[in-house]
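So the structure is just underneath, and the comments pick up after that.
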Amino acid sequence: MTGQLRAPRSVLVVATLTVAFLALPVLALLQRAPWSGLVDLLRRREVVDALGVSLLVSMVAAGIVLVLGTPLAWVLARVDVPFRRLVRALVILPMVLPPVVGGTALLFALGRRGLVGQWLERWFDLTLPFTTAGAVVAATFVALPFFVITVEGALRTSGDDLEQVASTLGADPLTVLRRITLPRLLPAMGAGLALAWARALGEFGATITFAGNLPGRTRTLPLATFQALESDPEAAVALSLVLLVVSLAVLLPTRHRWLPTQ
Amino acid sequence: MKDGNSEAMTMVFIAFTLTLVLWLTVFSHDDGPPGIRVLVASSLADVADDLADEWSSTSGLRVELVTGGSNHLAAQVRDGAPVDAFLTADADLFLTADTDLLGEPAIVHELAVNHLMVARPAVGPDREPADLHDPSLVLVACATGVPCGDAAAERFGDLPVDSYESSARAVVTRLTLDEADLGIVYATDVAAHEGLAAAWPQEPACPCVTYAAASLSPSGDPFVAFLGSDRARQILAAHGFDAEPPR
């Protein structure tokens, strides 16, 4: 891609130290892992339960993110929305907001006595806190922005020339979307979805504040790790390894998005 | 994309500047008189404020209180957090075999006893003991490993709990927000919080929780010694704790 640049030594030193800083915790985790008893640890009820809850919650959340996020990204990129900056800031907010704050806000919005939650309970007998659905809501809240900004960025860089052509040739807007826009957007959607899913999988703060902590229902892998760290550090390391492996599994197939290969 | 980037840069810059200004205004002032740092079980938070005020007014030393679940705090002590004293709801931590875990506390006191109480939101309806086993009601309790959770498990056995919280205080919050129908908390919590009521009339019963205080550094000694005084016991009793003189 580029020619071989001679790197200043000081820059190389800082870059090396930074890599070491990022790699060190992962190495420490591997070093502390109870390898011999790992299989037994991973077969434990609480680990299996947490893995099940985590996979279910993160995958349902990813599905919702896909369905809700795609139209939003398209609107943000292609429609002249009033107050676009404000809308975009709102969309990005859950990304920068501490998750615990997000969870607290969700509680006051969708909790049993929340702004909207009280009507959900009254009309539909639906309460979200302390349910798996609540954990999905928390995960969706924090994961949505990752998908939306990835897809919106892709839409902006690809431009709308082809769409313009299709529509002058007489295609109606929905056909343009279905036949032109979405097919070209698939790689970006995949990458955004992977990011959002990883974020949903790692979600802790909003989940514990909004959805609570119950094995088999709302205790996800991060919650189980936190819980185990206080009573059974070895189990916490084992759970961390599971999360690490799952995260790598997400990162590797999508790596070409982040690591431009020559 | 381009205007989006400069927009984001501006936002980050503004946020950074605001944070810096905030930091300067909050942390630039003098730290005040020297003091000690004390870890406090979350269910002792209110009474610890009063105890610390009382001791500060005579000693002239500041007391910085750090509250949290007892097991979480114990983990911090084991990890070498710089603290002078520790008030725990898990008296066994100091009083039985595992003393070496926390080094050699110079002074250890049994402080008081607290009883569990099944509470409901003050705005909710009265309940009865059978409701504890009603799966349609939202029940929250402390996690096992936390003293209030261990005591509750020992006393009530298997219950259809909907969420295990990290401290008694967290259970109190779920109830005062009316997000839960029933919660297992301490009798002192029910007395201290207007948003809480006893779910049904309950007599103090055990298994219950015994608080203990230990000094973890020489600077902590005078404060922990004060906690054994009659004055300290009066303050504990005023908050509803069962603070008998030491056996």
Side-chain angles (χ1 to χ4, degrees), chain A residues 46 76-77 84-86 88-89 91-93 95-97 103-104 106-108 110-114 117-118 121 125 127-132 134-135 149 152-159 207-219 223-224 226-233 235-236, chain B residues 1-8 10-12 14-16 19 68-79 90 121-124 135-147 149-150 159-167 170-171 173-183 195:
Chain A
E46 68 248 41
L76 280 176
R84 188 199 327 249
R85 288 170 175 223
L86 189 69
R88 187 173 313 110
V91 171
I92 297 176
L93 192 62
M95 230 167 141
V96 287
L97 204 65
T104 311
L106 281 172
L107 198 59
F108 290 131
L110 300 174
R112 205 164 69 165
R113 297 291 168 264
Q118 54 181 317
E121 198 204 15
D125 199 23
T127 49
L128 288 171
F130 313 122
T131 63
T132 309
I149 60 166
E152 190 205 341
L155 276 167
R156 282 175 181 278
T157 38
S158 72
T207 310
I208 202 165
T209 17
F210 180 59
N213 182 2
L214 186 74
R217 205 193 302 170
T218 55
R219 185 177 292 171
L223 267 65
F226 174 73
Q227 197 83 37
L229 200 55
E230 289 177 352
S231 50
D232 188 357
Chain B
M1 252 342 245
K2 207 173 166 198
D3 76 315
N5 276 340
S6 64
E7 219 173 89
T10 317
M11 274 173 66
V12 169
I14 292 172
F16 181 77
T19 314
S70 288
N71 60 336
H72 197 82
L73 295 175
Q76 289 182 31
V77 173
R78 279 187 208 112
D79 291 344
D90 185 8
V123 294
S136 69
L137 294 176
V138 178
L139 170 66
V140 286
C142 299
T144 49
V146 191
D150 289 340
L159 293 176
V161 174
D162 289 283
S163 184
Y164 290 105
E165 304 293 329
S166 60
S167 76
V171 179
T173 307
R174 298 288 190 199
L175 290 169
T176 49
L177 290 178
D178 198 15
E179 290 296 339
D181 299 307
L182 288 170

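Each chain gets a letter, A, B and so on, in the order its sequence line appears, and its residues count up from 1. Hydrogens, waters and symmetry mates are skipped; everything else that's a heavy atom, side chains included, is used.
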**Report entry** Working for side chain to side chain contact (heavy atoms under 4.5 Å, CB included), residues B:Tyr164 and A:Arg219
**Finding:** CA-CA 9 Å; B:Tyr164 290 105; A:Arg219 185 177 292 171; 4.1 Å; yes
Query raised in the report: How long is the gap from OG1 on B:Thr173 to CG on A:Leu107, to the nearest 0.5 Å?
Result: 10.0 Å
Query raised in the report: Excluding sequence neighbours, so at least two apart, what forms side chain to side chain contact (heavy atoms under 4.5 Å, CB included) with B:Asp178?
Result: A:Arg112, A:Arg113, B:Pro121, B:Val123
Report task. Under the side chain to side chain contact (heavy atoms under 4.5 Å, CB included) rule, what do B:Glu165 and A:Ile208 come out as? Steps first, then yes or no, please. Result -> CA-CA 9 Å; B:Glu165 304 293 329; A:Ile208 202 165; 5.7 Å; no
Report summary line: Of the listed B:Ala15, B:Ala180, B:Gly69, the one with the largest count of heavy-atom pairs under 4.5 Å with chain A is B:Ala180
Query raised in the report: Measuring heavy-atom distances to chain B, does A:Arg84 have an atom under 4.5 Å in its side chain, in its backbone, in both, or in neither?
Result: neither
Query raised in the report: How far apart are the closest heavy atoms of B:Ser163 and A:Gly212, and which atoms are they?
Result: OG-CA, 3.2 Å
**Report entry** Heavy-atom proximity to chain A below 4.5 Å, by part of B:Val140
**Finding:** side chain
Report summary line: All heavy atoms of A:Leu214 vs all of B:Val161, minimum pair found to be CD1-O, 3.1 Å
Query raised in the report: Minimum heavy-atom separation for B:Glu179 to A:Phe130, with atom names?
Result: O-CE1, 3.4 Å
**Report entry** Which atoms of A:Ile92 approach chain B - backbone, side chain, both or neither, heavy atom under 4.5 Å
**Finding:** neither
Report task. Write down the atom of A:Thr209, the atom of B:Arg174, and the distance for their closest heavy-atom approach. Result -> O-NH1, 2.7 Å
